[in-house]
Enquirer: 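This is the structure I have questions about; it appears just below.
Ligands are counted one by one from 1 in listed order, and the atoms in each one are counted from 1 as well. Computed from a predicted model, the values in this text were never measured in an experiment.
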Amino acid sequence: MSAAESLVEVRVPDMGNFKDVAVIDVLVKVGESIEPEAPLVTLETEKATMDVPSTAAGVIEKIHVAKGGKVSAGDLVATVRASERGAGAAAGSAQQAPGAAATPSPPPVPAPQQLVEPAPQAQAAAASTPAPAAAPAAAPAAASMPARGELPPINEPGFSRAHAGPSVRKFARELGVDLTRVTGSGFKGRITHEDVKTFVKGALASPGGAAGGGALPAVPAVDFAAFGPVEVQPLSRVQRISGPRLHASWVNIPHVTQFDEADITDLEALRAQLKDAAAAQGIKLTPLAFIVRACVKALQAFATFNASLDPSGANLVLKKYVHVGFAADTPNGLMVPVVRDADRKDVYEIARQLAELSEAARHGKLSGAQMQGGSFTISSLGGIGGTAFTPIINAPEVAILGVSRSAYKPVYRDGTFVPRLMLPLSLSYDHRVIDGAAAARFTTFLAKTLADPRSLVEAVP
Ligand code: CAO
């Protein structure tokens, strides 16, 4: 061994309870020259596959594991005869002080899609769409990158555990991106090139960069098993996709929720009259169909609620179509199918579509297209219960209506209390686009429209 060479031991990263994990592939041979981050072996747990990357450049001196074997955290995988260049490359990127906490920066608001999409093709399409809200005007990433010091330092132990392939790791190293901060949108949460790019765009767009004012304090990790027995349950696929989108909306959009109540006594009387005739035609005329119809009228009267901010954040894109999404509770998790051109459909056609789309959602049969292009969303928990809630905006939409369970309440009218059926409304809106006064006008209009239901059953021109 020359003076410029040293032996580097590459071990299975410490990933907590990481024991007896299967080695499904050995990717290098003794004597092979490798770069830092070159994958050495592939491991498979119940939840994911992951590569163990080399921490140094050099030549493989010895491989200590075999395909089909089992390894645990800390086990020796390979010994690398590292050249000085290789040892330096790995050490040079270790910028984080030991023990420094990783703080996630706000994820960018997703592309104008939907909260979740079931089909793998749809997922791939979403992943390849540039994120609009946080992305600056397209410039070559390298040319517009902040100085390396402006990105948060790389958490080396976390980086080596990140669920990403070698080329993504290399790409992240080149850009100085800490993979522990990047949300993976690939299969089983694997981090893709697009995820790294989206992270960088988000870091560039956030005031003060990823390490500055945009950074969020981390929630400390807790070993729950230290306090009693626990069972670890992986999130469903739908939750893994919708979670980052909900998070992006929550942290990027200043939400305000306006509460109101609509007197739907007459609406329910009318619905009771029409219900059986509709049922004879196979249509379930639920309150939600009337609420969608009333929202269409409100969206036509208040165009800024049927709009999105453009990627620069300086312009409002007013939509000439009205596609209304609705949250559907399914065994797989929350889905948001969209009733397209709701402004061109009467209450019966809307009811028919609500039933068809929620049936498809419950059976995991929605296509990506059936969940795209929404311009406003309704989340109805009325069939379940509750008096009010604060729904999260389905970004890049600018408002969402939450509906809770109607109940009879005493309403003071003409000097006396009368029992009226009151429907609670909770409208969350993007305060960058919508003022409080406009939101109050919108819910007032909506409540009035629901209180006088005749216009809701008129034929649609
Ligand atoms: N107040 C009182 N009763 C209501 C009501 C309300 N606001 N809304 C619906 N109901 C009643 C209906 O009349 C129906 O009763 P009947 O069967 O006696 O007629 C019953 O509740 C069930 O309605 P439904 O669920 O069949 O139909 P829907 O149109 O109200 O809702 C759907 C459809 C898809 C919105 C609903 O099934 C659902 O999934 N809701 C949950 C949405 C959700 O999870 N939102 C949260 C998202 S954020 O995590």
Enquirer: Looking only at heavy atoms, which two atoms of A361 and L366 are closest? And how far apart?
Expert: CB-CD1, 3.5 Å
Enquirer: Is there a donor-acceptor contact under 3.5 Å from the side chain of Q239 to the main chain of S236?
Expert: yes
Enquirer: Taking the six-membered ring for Trp and the single ring otherwise, decide whether the centroids of F305 and F376 are under 6.0 Å apart.
Expert: no
Enquirer: Spell out, as yes or no, whether a donor-acceptor pair under 3.5 Å connects the side chain of K297 to the backbone of L446.
Expert: no
Enquirer: Mind jotting down which protein residues get a heavy-atom contact under 4.0 Å with ligand 1? Chain and number order, please.
Expert: R271, K284, T286, P287, L288, F326, A327, A328, D329, L334, S358, R362, S379, S380, L381, G382, G383, V403, S404, R405, S406, L423
Enquirer: Aromatic rings Y429 and H431: how do their planes relate, parallel, tilted or perpendicular, breaks at 30° and 60°?
Expert: perpendicular
Enquirer: Hey, are D195 and R181 close enough for a salt bridge, meaning a charged N less than 4.0 Å from a carboxylate O?
Expert: no
